[in-house]
Novice: 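Sharing a structure here in structure tokens format.
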Amino acid sequence: MKEFIFDLKNDGGWKVKIYLKGEKDTILFDEFAPYFYLKTPNLGIKKEIETMPEVAGVEEVVKKEENKTIRVLKILTKSPGDVIKLRKDLAELGEPREADIPYAFRYLIDRNIKPMMWYDVKGSEFKDTKQEKHVLKACAFDIEVNNKRGPAVDPKKDEVLVIGYADDKKVRSFYWHEGKSNEKEIILDFLNEVKKKDPDVIIGYNSAGFDVPYLKKRSTVLGIDFDLSRDGSGIIIKPTMMGHRADFFGRLHLDAFDGVSFLSSIGAMNLPKNELEAVYKEMFGKEKIDINTAMLWKMWEEGGKQRETVIEYNKQDTIAAFEIGKEFLPLFIELSKITGIPIYEVSRMSTSQMIEWMLVREAFKQNILVPNTPSEEEVKHRMMRPIKGAYVKTPKEGLHEKIVVCDFRSLYPSLIITYNIDKTTLTNDCSNAFKSPAGHCFSKEKQGLLPKLLKELVETRAKIKKEMKKLKPGTREYKALHYRQWALKIIANSAYGYLGYARAKWYCREAAESVTAWGREYVQETAKKAEEEGFEVIYGDTDSIFIKLGEKTKEDAFKFIEKVNKNLPKGMELEFQGYYKRGLFVTKREGGAAKKKYALIREDGTVEIKGFELVRRDWSKIARETQEKVIKAVLEEGEPEKAVKIVKETIQALRNHEIKTEDLIIYTQVRRAVNKYEQQAPHVKAAKKLINVGFKVKAGSVLEYVIVKGRGSISDRAIPIQLLKENQEYDEEYYINNQVLPAAMKILRELGVKETNLKYKGTQEGLTKWF
DNA sequence: ATGGGTCGGGG
DNA sequence: GTGTACGACCCAT
């Protein structure tokens, strides 16, 4: 029967529990022995190890390490957990190896099978078969809870007010109706709705960090069994370094926030805040209602229209989470199929970790003994010695017109493949090797693990791109291929990062250094050629150069690109990236080095901004909005006059106290018990003020505060909005000097505008002193 | 300057 | 899971 692995977990002993989907859903229990290796000079200890109670058997096996053949002990254990114990107990007798590979991963690697790939499954035999499409049923949910006691909501005390549910056909709201239903019933109704739908995927937004753990704990208080699994095995919530993970067997818990974080981490999404409202707008261009969540309980208590607004807000959040989650699902499916890592794991993993698991798979195929993950000490040591990075040409500061940007297509992956750059090919013997500008040699004799992997990724992607050209954009087939090529691109582009990733098993400083050294050479060489051709090069970064056309035309630029390409090695290519009518370039003052900081405007008026964003939510809306307006005005006008006017008007409005409180709120989270802070930061003091009047503030609460006028430090004057009195005056000087001006000056400084020109009223004086 | 502390989403 | 992020920014020194 044609099936694919949708979920799997350790089921105790030597058993893997696998959720198979296909024509019908089945659960397969497959036998698999947990094991690890011991590299030891004394293979004779085999007999002694065999007598240990956790050991099920010991074999002497041959493995490859650093191109040599070695003999190691393969130790089979009675249960997966025994590996942890034994790797500690046996550390004195040798070096435990491959003892940190999760049981389910080990199973998938050793059986050479991947989740979401279709197989002809007979018993526990998996035979490759033609790929079919996945039909997965999805739904989303979102909860609102009573936050009357303050921002620290507690499932032991604060009731669930609304649960929103959405799938592709239906949207429902479960909420309190006095006299009609109670809290227990709305949770049961929600569970019932999920049971009826029997979804494969349950989507939420920060649902692993909040909604699922909250509902589970709240249900315990109410005496309900809150279970979303398909086999009654419950919900497993595990605290992690940051937030939680929440699993239920047989269904995928897709936290759309993980998807957003992932896209942010690879630079595919760049929002100041990854909050649902902003993400939804960015991805779908649609607005949704937003309420001040600190006031949610009040709106609820007021009833009538106010309560309806809360229900509508919840409904829209649920729909937004559903739509966002559905966008990520095909990407994660493809990443899972490529890497062989289950979807939930892949959705929470960095690209370096994905590369690592793919290398582990490749090493297994080649019978190579996998290197151990470095110790924390070694990680620190690696991080202390940064790798010399890419070439960044100090930009010619200020405004420029008529700019052509060209870049090398997949520069780093091309270099790794072309020069066989890898930990496993690094050699002192430079006779039959590529020698990098950094002075390291990489053997030509045998293809390295990473170059092999990368070549496959790049070639597969090229094939897919070719197939896509035959298809109509927008069709289902086209979309499926689009996600596959995207996933391949994401992984290929992170190969360089892996070489310099301090926690990597195949970390190789020399390799990483060589990639950037070759990269610098190609980019600098190209920039030089451009100047020889009479272009002015105003900026260059990693794999791109920005050239100013001046008296030349776009066609001249195309001819130049063609000329460069004639002299590049096979697999490398310079491409035209875009044309911009104007651009603002900045040299980051801090640290002295030139950094990625520019804003460009296209002919159609759209703006591309790099490096300016005020990314954190502890900047007020007024500061962020002013900065955005300033950038746009400068690029549109080509001079700072309009931007200066905008800033001055904002400052005047602040002085006149015309700015809404909403635009002044600074959001910061307290991450621990408030009395455990050493530094009395504004949000800590704000939290203390709340506690003093009886609000509960716990680790995890987000403080919303405004800096008001009065005595003492900024922290002393940070007032949580719950305690803000009507007509209480905000500290306009703080908002001018610590928020609006720093934000605006990040841009205007580059155009010679002085802070004093913006601050004081004399407009005429200011305008004459720009340059 | 540098290094240690803190943050992120949700209500 | 046989595992525990990470990069940006703050303040204090």
Side-chain angles (χ1 to χ4, degrees), chain A residues 8-10 16 34-36 77 79-88 96 98-107 142-155 158 160-162 204-214 236 238-245 247 255-258 260-261 264-265 273-276 278-279 291-297 300 310 313-314 317 321 341-342 344-345 348-350 352-353 356-357 373 376 383 501-503 590-592 613-619 667-672 677-684 700-702 715:
Chain A
L8 80 169
K9 69 183 244 195
N10 162 15
V16 191
Y35 72 90
F36 68 104
T77 65
S79 82
D82 293 333
V83 173
I84 304 173
K85 186 172 182 299
L86 285 172
R87 76 172 177 213
K88 281 183 203 139
E98 308 197 15
D100 57 354
I101 299 172
Y103 181 63
F105 284 24
R106 181 87 267 179
Y107 171 82
D142 179 46
I143 66 169
E144 313 303 325
V145 308
N146 191 332
N147 57 347
K148 188 176 185 172
R149 296 180 316 104
V153 290
D154 179 353
D158 304 312
V160 176
L161 301 175
V162 203
Y205 198 82
N206 195 28
S207 44
F210 183 74
D211 303 62
V212 175
Y214 199 95
I236 296 154
K238 287 231 170 89
T240 61
M241 286 288 277
M242 188 8 219
H244 298 80
R245 59 171 284 152
D247 294 75
D255 188 337
F257 175 63
D258 291 333
V260 173
S261 310
S264 305
S265 75
K273 294 189 280 176
N274 290 335
E275 59 185 9
L276 183 54
V279 170
I291 61 167
N292 179 358
T293 47
M295 292 298 144
L296 191 141
W297 64 274
W300 188 263
V310 173
Y313 163 75
N314 170 264
D317 271 9
I341 298 156
Y344 190 60
E345 282 69 21
R348 305 169 65 90
M349 204 175 257
S350 73
S352 283
Q353 286 169 303
E356 181 135 293
W357 285 115
T373 300
E376 276 307 303
M383 287 198 291
Y501 170 54
R503 304 192 122 81
E590 311 94 64
E613 289 87 351
L614 295 170
V615 286
R616 294 164 62 98
R617 67 180 177 188
D618 42 13
W619 284 91
Y667 300 79
T668 318
Q669 184 180 56
V670 283
R671 301 299 299 261
R672 54 174 82 165
Y677 278 92
E678 287 167 29
Q679 293 178 18
Q680 298 301 306
H683 69 294
V684 177
S701 309
V702 175
S715 293

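Each chain gets a letter, A, B and so on, in the order its sequence line appears, and its residues count up from 1.
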Novice: dA5(C) and dT6(B): how far apart are their C1' atoms, nearest whole angstrom?
Specialist: 15 Å
Novice: Go through the structure and list residues passing side chain to side chain donor-acceptor pair (under 3.5 Å) with N147(A), not counting sequence neighbours.
Specialist: none
Novice: Taking E356(A) first and then R503(A), would you say they form a salt bridge - that is, a charged N and a carboxylate O separated by under 4.0 Å?
Specialist: no
Novice: Do any side-chain nitrogens or oxygens of Y667(A) fall under 4.0 Å of OP1 or OP2 in dC7(B)?
Specialist: no
Novice: Between dA5(C) and R348(A), is there an OP1 or OP2 to side-chain N/O distance shorter than 4.0 Å?
Specialist: no
Novice: For W297(A) and dG11(B), what is the distance between atoms CH2 and P respectively, to the nearest whole Å?
Specialist: 17 Å
Novice: In this structure, how many angstroms lie between the C1' atom of dG9(B) and the CG atom of D142(A), rounded?
Specialist: 12 Å
Novice: Please state how far atom CD1 in I143(A) lies from atom C1' in dG10(B), giving the value in whole angstrom units.
Specialist: 9 Å
Novice: Of the options V83(A), V16(A), I101(A), N10(A), which is the one that meets R106(A) in a side chain to side chain contact (heavy atoms under 4.5 Å, CB included)?
Specialist: I101(A)
Novice: Expressed in angstrom and rounded to an integer, what is the separation of D211(A) atom CG from dG11(B) atom P?
Specialist: 7 Å
Novice: As a test of reading the structure: which of dG9(B), dT2(C), dC7(B) is closest to the side chain of T668(A), going by heavy atoms?
Specialist: dC7(B)
Novice: Please report, rounded to the nearest Å, how far the P atom of dT4(C) is from the CH2 atom of W357(A).
Specialist: 11 Å
Novice: In whole Å, what is the span from the NE2 atom of H683(A) to the P atom of dC11(C)?
Specialist: 11 Å
Novice: When the distance from CE of M349(A) to P of dC6(C) is rounded to whole Å, what number comes out?
Specialist: 11 Å
Novice: Toward the 5' end of DNA chain C, which comes first, F36(A) or P682(A), by nearest nucleotide?
Specialist: F36(A)
Novice: Rounded to the nearest 0.5 Å, what's the gap from OH on Y667(A) to CD on E275(A)? Could you check?
Specialist: 7.5 Å
Novice: Could you check how far CG of N274(A) sits from P of dG9(B), rounded to whole Å?
Specialist: 5 Å
Novice: Out of dG10(B), dG11(B), dC7(B), which has the shortest distance to the side chain of L296(A)?
Specialist: dG11(B)
Novice: Of the candidate nucleotides dC6(C), dG9(B), dG10(B), which contains the atom at the shortest distance from the side chain of R503(A)?
Specialist: dC6(C)
Novice: What nucleotide, of dG11(B), dT2(C), dG9(B), holds the atom closest to the side chain of F210(A)?
Specialist: dG11(B)
Novice: Which nucleotide in the set dA5(C), dG11(B), dT2(C) lies at the smallest distance from any side-chain heavy atom of Y501(A)?
Specialist: dA5(C)
Novice: Where the side chain of E275(A) is concerned, which of dG10(B), dG11(B), dT2(C) is the nearest nucleotide?
Specialist: dG10(B)
Novice: Sub-3.5 Å donor-acceptor pair from the side chain of N314(A) to the main-chain atoms of D142(A), do we have one?
Specialist: yes
Novice: I'd like the P distance from dA8(C) over to dG9(B), given in whole Å.
Specialist: 15 Å
